[in-house]
Amino acid sequence: MPAPASSLPDAPQEILDDTAIDAVIDWFTVAGRDLPWRHDDTSSWSILVSEIMLQQTPVVRVLPRWLEWMHRWPTPRDLDEAPTAEVLRAWDRLGYPRRALRLKDCAHAIVTDHDGEVPRGPEALRALPGIGEYTAGAVTAFAHHGRAVVADTNIRRVLVRSVRGEASPGAAFTASERALATNVLPEDPARSVRWNQAVMELGALVCTARSPRCDACPLSSRCRWFTAGRPAQQGPPVRRQAFEGTDRQMRGRIMALLREGPASVDQVLGLADSTADDRPQRCLDSLVRDGLATLEEGTVRLP
DNA sequence: AAGACGGGGCG
DNA sequence: CGCCCAGTCTT
């Protein structure tokens with residue numbers, strides 16, 4: 001008869017107890033980066049914008065785009081009223097430009113349904129375009145200072161390593177991972193916010209995917225992965241999607257062309273790698289379908 | 001549950 | 001040149 005999970009010596013709360021939480025928060029106080037969306041005077045909306053931009057995009061690449069963006073469109077109303085083509089140009093090469101469209105739709109929904117204020121609560125946030133489980137939690141924690149599970153790739157990696165002793169989280173955010181994050185989340189809201197910020201930063205700067213700097217980690221002495229000798233991943237590695245030669249790459253090329261200005265269909269089709277490359281036609285169609293391009297009388301342009 | 005969806009920079 | 005990044009939406 002196995003002991004109940006809560007009494008196991010490696011229960012999440014015992015690995016990441018109050019002392020460990022303090023250690024991570026103290027580390028963050030000293031080593032955390034000074035990022036503009038962490039400043040006290042940052043609006044809820046600008047924090048939401050940063051979270052959308054940071055989806056699958058590193059901080060260093062987001063920083064300049066976010067600064068320009070917030071200067072240009074400081075409120076949801078400003079973005080709602082902006083021309084879509086200008087929004088897509090300002091998105092520049094952040095990637096996944098559908099995010100920019102969704103962000104503009106999100107601004108419209110906030111203006112229309114919430115009187116221009118970022119709504120509170122996971123349900124209301126999740127109902128907004130482009131906001132999923134992670135971003136709803138991040139906005140709740142970082143913009144509204146509320147208690148919420150925030151589970152980005154950095155936090156998931158720290159938890160899985162320190163508590164489970166595994167090298168990296170799986171592709172999906174599973175129910176058991178959600179339970180783990182919930183179990184270690186401090187009860188006090190202010191402390192939970194600080195913990196979320198701190199552990200995310202720890203994953204970004206120290207407990208990194210490629211070359212973790214365990215010598216600089218406040219959790220190393222109790223980290224199950226470190227104390228076990230940093231074992232390699234057990235199961236099959238998470239499958240990465242290719243990029244070279246894909247439709248995604250071609251869509252990116254077409255969007256880059258359109259950011260320069262209107263283009264002829266022939267120009268777009270000329271982006272093919274070979275005469276047998278049928279991607280340009282297919283991708284042009286998909287971009288129009290997504291609302292990222294318009295096609296009229298043989299001219300392609302941003303919407 | 002699996003696949004689509006960008007792009008760049010580091011080791 | 002492979003790997004990874006503050007995920008979301010669709011099927």
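Just so we're on the same page: letters track the sequence lines, and every chain starts at 1. Since the structure is predicted, the reported quantities are computational estimates derived from the model, not experimental observations.
A/Arg210 comes within contact range of at least one nucleobase, with a heavy-atom separation under 4.0 Å. In this structure, A/Ala138 reaches neither bases nor backbone, as no heavy-atom distance under 4.0 Å exists between it and the strands shown.
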Under 4.0 Å protein heavy-atom contact, by nucleotide of nucleotides 6-11 of chain C - B base, S sugar-phosphate only: BBSS--

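Contact detail for A/Arg161 and A/Thr208: the closest heavy-atom pair is NH1-O, 2.9 Å. Smallest separation of non-hydrogen atoms from A/Ala171 and A/Arg156: O-NH1, 4.0 Å.
In this entry the distance linking CG of A/Leu205 with C1' of C/dC4 reads 15 Å, nearest Å. Here B/dA4 presents its P atom at 14 Å from CZ of A/Arg279, a figure rounded to the nearest Å. Atom CZ in A/Arg99 sits about 10 Å away from atom C1' in C/dC5, given to the nearest Å.
As a member of the Ile/Leu/Val/Met/Phe/Trp/Tyr network built from side-chain separations under 4.5 Å, A/Leu101 groups with A/Leu88, A/Met250, A/Ile254, A/Met255, A/Leu257, A/Leu258, A/Val265, A/Val268, A/Leu269, A/Leu271, A/Leu284, A/Leu287, A/Val288, A/Leu292, A/Leu295, A/Val300, A/Leu302.
Judged by distance alone, with hydrogens and angles left aside, the side-chain atoms of A/Arg248 form a donor-acceptor pair with the main-chain N or O of A/Ala242 at under 3.5 Å. Here the side chain of A/Lys104 pairs no donor or acceptor atom with the backbone of A/Thr84 at under 3.5 angstrom.
Listed in residue order, the members of residues 246-262 of chain A having a heavy atom less than 4.0 Å from DNA chain B are A/Asp247, A/Arg248, A/Arg251, A/Gly252, A/Arg253. For the contact set between residues 164-186 of chain A and DNA chain B, defined by any heavy atom under 4.0 Å, there are no members.
Side-chain heavy atoms closer than 4.5 Å link hydrophobic residues (I, L, V, M, F, W, Y) into clusters, and following such links, even through other members, never connects A/Ile47 to A/Leu67.
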Verdict with supporting geometry, A/Val118 and A/Leu125, side chain to side chain contact (heavy atoms under 4.5 Å, CB included): CA-CA 8 Å; A/Val118 177; A/Leu125 288 167; 4.0 Å; yes

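For the 3.5 Å distance criterion, the side chains of A/Thr135 and A/Glu51 fail to qualify, holding no donor opposite an acceptor. No hydrogens or angles considered: nothing links the side chains of A/Thr246 and A/Arg279 as a donor-acceptor pair under 3.5 Å.
Every ring-ring contact (aromatic ring centres under 6.0 Å, His included) that A/Trp37 has, sequence neighbours left out, goes to A/Trp66. In this structure A/Trp73 satisfies the ring-ring contact (aromatic ring centres under 6.0 Å, His included) test together with A/Trp69, sequence neighbours excluded.
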